[in-house]
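One structure is given here, and the rest of the page talks about it.
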Amino acid sequence: MNTDVDSRHVVVIGAGPGGYPAAFHAADLGMQVTLIDAEPNPGGVCLYRGCIPSKTLLHAAAFINEAKEIADWGISVSDPQIDLDKLRARKDAVIAKLTGGLGQLSKQRKITYLQGRATFKDGKTLTVTGGDGAAQELTFDAAIIATGSQPIHLPFAPPSERILDSTTALDLADVPDSLLLVGGGYIGLELGQVYASLGSRVTVVEMMPELLPGADAPLVRVLSAKLKKQFEAIHLETRVAAVKAGADGVEVTFEGKHEATETFDKLLIAVGRRPDTNGLGLENTGVSVDEKGFVTVDAQRRTTESAIYAVGDVAGQPMLAHKATYEGKVAAEAIAGMKTVYDPKAIPCVVFTDPEIAWCGLTEAEAKEAGREVKVTSFPWAASGRATTLGRSDGVTRLIVDPSDSNRVLGVGMAGPGAGELIAEGTLAIEMGAVADDLAWTIHPHPTLSETIMEAAESAGGHSVHYAR
Ligand code: NAD
């Protein structure tokens, strides 16, 4: 670390899961830190309008579904009565608790938190404008852009009372009778399941041949089987060609595999997000962006302007909170003059539906596309004692290994409840360069779903205790 670290002033713009860890780490490394965000406390989209509120609602959805499914076990629960105001208040309380906690952590670190919007004047100076319009100028030794991303809106379906995006869908204004999800990705499926559990008839339209493009098909199949029961319809290889919002609903014209015109109470547009550099004044700096609007960064997350760094959604795919956090810590260390690099071997992806879908490292589809020879082993949860006790035999655990390199683990994929927690073991295995035998010869607790990773690894060696091919 350089000796003059203590005197360095670092400004972090955006206090989401990229910005606040960067600010906290920079403060812990001894630097003077200013953190700027439009919200009263750190948290960003993840805490205010994304991961945290959606997971709170998904927990409620899972309870509603389990209450129905437990009838098969001889336990009958009367139909849940949903108090939407109380559910919304619960979600808002979770947000307030977590963002308030981050505010405290920021104060404890003596970070100067400014509520406002930052605009670069040049590569060393920026202006912060508060909610009251008052502006102040700051100079910095280093700045970190962590401004995240915004939902993409379809030009022919601008946001309205009937046309929601992820933010307004989380407001939970009401439970529409019928809801069309435009886009069968992370947001569409997670929030679609929430609304289906609360009582909406949910339809999804996805332009690709499968839901969740990017995830391996055998994992998606497990989720699709459940969604087919919960959703009204799933239209693949279909696009929305036109939308007409009227007093009684939104008339939607589909084109592709499902040619039809249908009316829905509401639409949720979830067709991806775009990097947010709006109003940042990048044109006053040497920071360059690529053709998709992502800020160009090097392995230490430094932009093309030497004192300015960028992390998180604004700095490239995947747009995931945990990837942003990792980058934030790298940028803070780079500014402190430490030897550091953004070089993860695997980034876990989790879709928090029921069943959860989680994967990390190489997917089977990516291996095929690259013409890379891999061995894929799969352990069906029907053969797992723990899954059977939970009544969840529908899951699967898959391992993608390199047969030419001692079955080195290249990718792990899982579908089933808790997959999002279990995938951490797979990520660690890839990060540590483990081979399948390392997983097969690690004693896993019984009876747990984690044993499915051990058994999939045993299969790579040609033998799994509970699964005979
Ligand atoms: P996404 O990229 O996950 O899914 C968008 C889907 O919309 C894709 O399947 C795409 O093929 C489809 N699509 C695009 N245009 C379409 C059209 N005109 N008609 C029909 N389908 C269309 O994007 P998202 O769900 O909006 O989520 C945005 C980002 O937020 C994701 O990249 C994800 O990284 C992040 N996110 C992550 C989580 C999580 O980690 N659990 C949860 C929510 C969001």
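Every number for a ligand or one of its atoms is a count from 1 in the order of the listing. Because the structure is a prediction, the values reported are computed rather than measured. Starting from 1, each residue takes its place in the sequence as its number.
Proximity to Val205 (heavy-atom distance under 4.0 Å) selects the following atoms of ligand 1: 20 (C), 21 (N). Heavy-atom contacts of Met208 reach the following atoms of ligand 1: 11 (O) (cutoff under 4.0 Å). Under a 4.0 Å criterion applied to the non-hydrogen atoms of Arg273, ligand 1 contributes the atoms 28 (C), 29 (C), 30 (O).
Of the N or O atoms in Glu206, one or more lie within a sub-3.5 Å distance of an N or O in ligand 1. Taking distance alone, with nitrogen or oxygen atoms compared against 3.5 Å, Gln317 stays at or beyond that limit from ligand 1. Taking only nitrogen or oxygen atoms, main chain and side chain alike, Gly272 reaches within less than 3.5 Å of ligand 1. Considering backbone and side-chain N/O atoms, Met319 comes within less than 3.5 Å of an N/O atom of ligand 1.
Contacts with ligand 1 closer than 4.0 Å are made by heavy atoms of both the backbone and the side chain of Met207. Contacts between Val350 and ligand 1 below 4.0 angstrom, taking non-hydrogen atoms only, involve the backbone exclusively.
Shortest contact from atom 5 (C) of ligand 1 to any protein heavy atom: Ala270 O, 3.4 Å. For atom 4 (O) of ligand 1, the closest non-hydrogen atom on the protein side is Gly185 CA, 3.3 Å. Nearest protein heavy-atom neighbour of atom 19 (N) of ligand 1: Val182 CG1, 4.0 Å. Among protein heavy atoms, atom 18 (N) of ligand 1 sits closest to Arg239 NH1, 4.1 Å. Nearest to atom 7 (O) of ligand 1 among the protein's heavy atoms is Gly183 CA, 3.3 Å. Residue, atom and distance of the protein heavy atom nearest to atom 14 (C) of ligand 1 are Val271 CB, 3.6 Å. Among protein heavy atoms, atom 25 (O) of ligand 1 sits closest to Ile187 N, 2.8 Å.
Note that CG of Leu282 is 5.0 Å distant from CG of Leu280, once rounded to the nearest 0.5 Å. The distance from atom CG of Leu84 to atom CG of Leu172, rounded to the nearest 0.5 Å, is 4.5 Å.
Surrounding CZ of Arg109 are more than 12 heavy atoms belonging to other residues, nucleotides or ligands, all under 6.0 Å away. Taking a 6.0 Å sphere around CD of Glu259, one finds it holds more than 12 heavy atoms contributed by other residues, nucleotides or ligands. The local environment of NZ in Lys55 is crowded, with over 12 non-hydrogen atoms from other residues, nucleotides or ligands closer than 6.0 Å.
Among Phe254, Tyr186, Phe352, the residue whose heavy atom sits closest to atom 38 (C) of ligand 1 is Tyr186.
Between Tyr186 and Trp359, the ring planes lie tilted relative to each other; the angle falls in the 30° to 60° range.
For the pair Pro213 and ligand 1, a heavy-atom separation below 4.0 Å is found.
Contact between Thr238 and Leu236 at its shortest, heavy atoms only, is OG1-O, 2.8 Å. Heavy-atom minimum distance, Ser54 versus Glu190: OG-OE1, 4.0 Å. Nearest heavy-atom pair across Thr442 and Met454 is O-SD, 3.6 Å. Closest non-hydrogen pair, Ala436 versus Val401, comes out as CB-CG1, 4.3 Å.
No option in Leu181, Val182, Leu180, Val204 other than Leu181 meets the side chain to side chain contact (heavy atoms under 4.5 Å, CB included) test with Leu268.
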